[in-house]
Amino acid sequence: MTPLSRVRLAVDCMGGDHGPSVTLPACQSFLAAHPQAELLLVGTPEGLAPALGWPRCVHVHASEVVTMDDPVEVALRRKKDSSMRVAISQLKSQGESPPAADACVSAGNTGALMALARYLLKTLDGIDRPAIASVIPNDRGEFTTMLDLGANVDCSAEHLLQFAVMGSALVSAVDGKAEPSVGLLNIGAEAIKGSEVIKQAADLLRAAADDGHLNVYGNVEGNDIFKGTVDIVVCDGFVGNVALKTTEGLASMLAHFIKEEFTRTWWTKLAALVALPVLKRFRARVDPRSFNGAALLGLRGLVFKSHGSADAFAFERALARAYDAARNRLLDRVRDRIIETLEAMPSAADGASGAPVAA
């Protein structure tokens, strides 16, 4: 597919722990680095005031803000003019007019974002629940794509199969891998291990592999995420979110330990100066901010979730991920892959339905 010549992103500037104090500087840096991008800045007039007169920007006003601790029902039923809701609505067609934006980015409440996105955009045919997917660096110098990372706490075996299909579509479209390998996260590689849901999901994945619809490796363990054993790791949102936060915490702890040891004495401080280039490269490889920006897969629109505590650098990375996805027409590619695979696997489209429970 031919990449888009112009990409317009809708940005929820009020979302996250820091709001416009982080999102607006990130938007400014992003625009400087992406001359073909345009932004729809969504927020209150007061919040968007510092961005008045910016080139390639359109202000879209909203009178309300979804806070990080707002219940989902508040975002859905009460705050109908929130910046989050208005930003997502830019992905919907208005009559004969095309959508105002190609993708949406928010650092707001995960549960509210998922609920609003599903309510406003709906899911793709054959998909019961959207899933959050992101990448984690591995030993191979590449990335392991992991989903779900927090959108669905309780999942059936059919949902896990759908996650595998969506993850395969994502990696195939973005990384150009025709048949990315899929692993099911478990407490052991043996087929006899795991809960009943995991065993049932493993059976469905093996059946899909036997029919040539997926490239299934089998069960994988937590350390396989970092080994790069497979391209895609599938799990429910509870396990995925715990694994993600554990990874971020470990990276932060290692950075703290290294800094502590190199500043212990004047000898170690001197050694730190000598090792500074190596330390900077190490930090860049494990810095969670560099991988900020998770895709909400399975929706009829491209929505990206930034970490709520993201700083300007991290939020800019989320904008860049959304830009790359939209420019390469990820939604069309994923939709085509999902339709092709699920039509050939009727049982996958008959999975249990139900509202997602966000972490």
Side-chain angles (χ1 to χ4, degrees), residues 6-32 34 36-122 293 296 299-312 314-316 318-320 322-323 326:
R6 185 213 68 175
V7 175
R8 179 174 287 180
L9 302 182
V11 185
D12 172 16
C13 295
M14 310 305 295
D17 294 339
H18 310 294
S21 64
V22 160
T23 57
L24 290 184
C27 288
Q28 193 169 33
S29 298
F30 169 80
L31 286 170
H34 297 81
Q36 292 180 310
E38 298 177 8
L39 297 181
L40 297 178
L41 303 179
V42 184
T44 63
E46 299 79 12
L48 299 181
L52 287 174
W54 284 8
R56 291 180 283 130
C57 286
V58 175
H59 289 202
V60 181
H61 290 157
S63 60
E64 298 172 305
V65 177
V66 175
T67 66
M68 297 301 284
D69 56 358
D70 272 343
V72 171
E73 57 268 20
V74 171
L76 275 173
R77 299 190 179 96
R78 299 183 191 175
K79 296 186 176 181
K80 296 189 176 182
D81 193 42
S82 68
S83 59
M84 181 184 291
R85 185 172 188 139
V86 173
I88 295 172
S89 67
Q90 304 306 305
L91 302 180
K92 294 182 62 178
S93 300
Q94 304 296 330
E96 298 297 324
S97 302
D102 302 298
C104 170
V105 183
S106 175
N109 183 318
T110 303
L113 183 68
M114 179 61 78
L116 282 170
R118 184 176 181 183
Y119 174 74
L120 294 171
L121 303 176
K122 312 304 180 187
L296 274 59
L299 297 166
R300 298 176 185 269
L302 285 179
V303 179
F304 278 74
K305 171 70 173 73
S306 167
H307 202 295
S309 62
D311 60 11
F315 194 79
E316 182 184 352
L319 293 172
Y323 173 85

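The chain is numbered in sequence order, starting from 1.
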Using side-chain heavy atoms (C-beta onward) and a distance below 4.5 Å, is C27 in contact with L319? yes
Donor-acceptor contact below 3.5 Å, side chain R8 vs main chain L40: no
Distance (rounded to the nearest 0.5 Å) between D69 CG and N109 CG: 8.0 Å
Flag the pair S93 / P99 as yes when at least one side-chain heavy-atom distance between them is below 4.5 Å, and no otherwise. yes
N/O donor-acceptor pair under 3.5 Å between D81 side chain and S63 backbone: yes
If we ignore hydrogens and angles and just use 3.5 Å, is the side chain of T23 paired with the main-chain N or O of C13 as donor and acceptor? yes
What's the spacing between M114 CE and L299 CG if we round to 0.5 Å? 6.5 Å
Just wondering, do L41 and W54 contact through their side chains at under 4.5 Å, heavy atoms? yes
How far apart are the closest heavy atoms of V72 and A112, and which atoms are they? CG2-N, 4.1 Å
Go through the steps to decide whether E38 and V58 satisfy the test side-chain contact (heavy atoms from CB on, under 4.5 Å), and finish with yes or no. CA-CA 8 Å; E38 298 177 8; V58 175; over 6 Å; no
Contact between L76 and L116 at the side-chain level, heavy atoms closer than 4.5 Å - yes or no? yes
Are D17 and S309 linked by a side-chain donor-acceptor pair shorter than 3.5 Å? no
R300 CZ to L120 CG distance, which is reported to the nearest 0.5 Å: 13.5 Å
R78 atom CZ: more than 12 heavy-atom contacts under 6.0 Å: no
Pairwise distance OH(Y119) to CZ(R85) - rounded to 0.5 angstrom: 5.5 Å
Closest heavy-atom contact between L9 and A101? C-CB, 4.3 Å
Test log, rule side-chain contact (heavy atoms from CB on, under 4.5 Å), inputs H61 and V86: CA-CA 8 Å; H61 290 157; V86 173; over 6 Å; no
With a 4.5 Å cut-off on side-chain heavy atoms, are T67 and K79 touching? yes
Distance-minimising heavy-atom pair for K305 and L296: CB-CD1, 3.8 Å
Give me the atom names and distance for the closest heavy-atom approach of E64 to K80. OE1-N, 3.3 Å
Heavy-atom nearest pair, A318 first then S306, reads CB-CB, 3.9 Å
Nearest heavy-atom pair of L302 and D102: which atoms, and what distance? CB-O, 3.8 Å
Applying the side chain to side chain contact (heavy atoms under 4.5 Å, CB included) test to I88, which of Q90, M84, K92 qualifies? M84
Applying side-chain contact (heavy atoms from CB on, under 4.5 Å), run through V7 and Q36 and close with a yes or a no. CA-CA 7 Å; V7 175; Q36 292 180 310; over 6 Å; no
State the CZ-CZ distance between R6 and R56, to the nearest 0.5 angstrom. 12.0 Å
Evaluation steps, side-chain contact (heavy atoms from CB on, under 4.5 Å), between F315 and V105: CA-CA 9 Å; F315 194 79; V105 183; 4.0 Å; yes
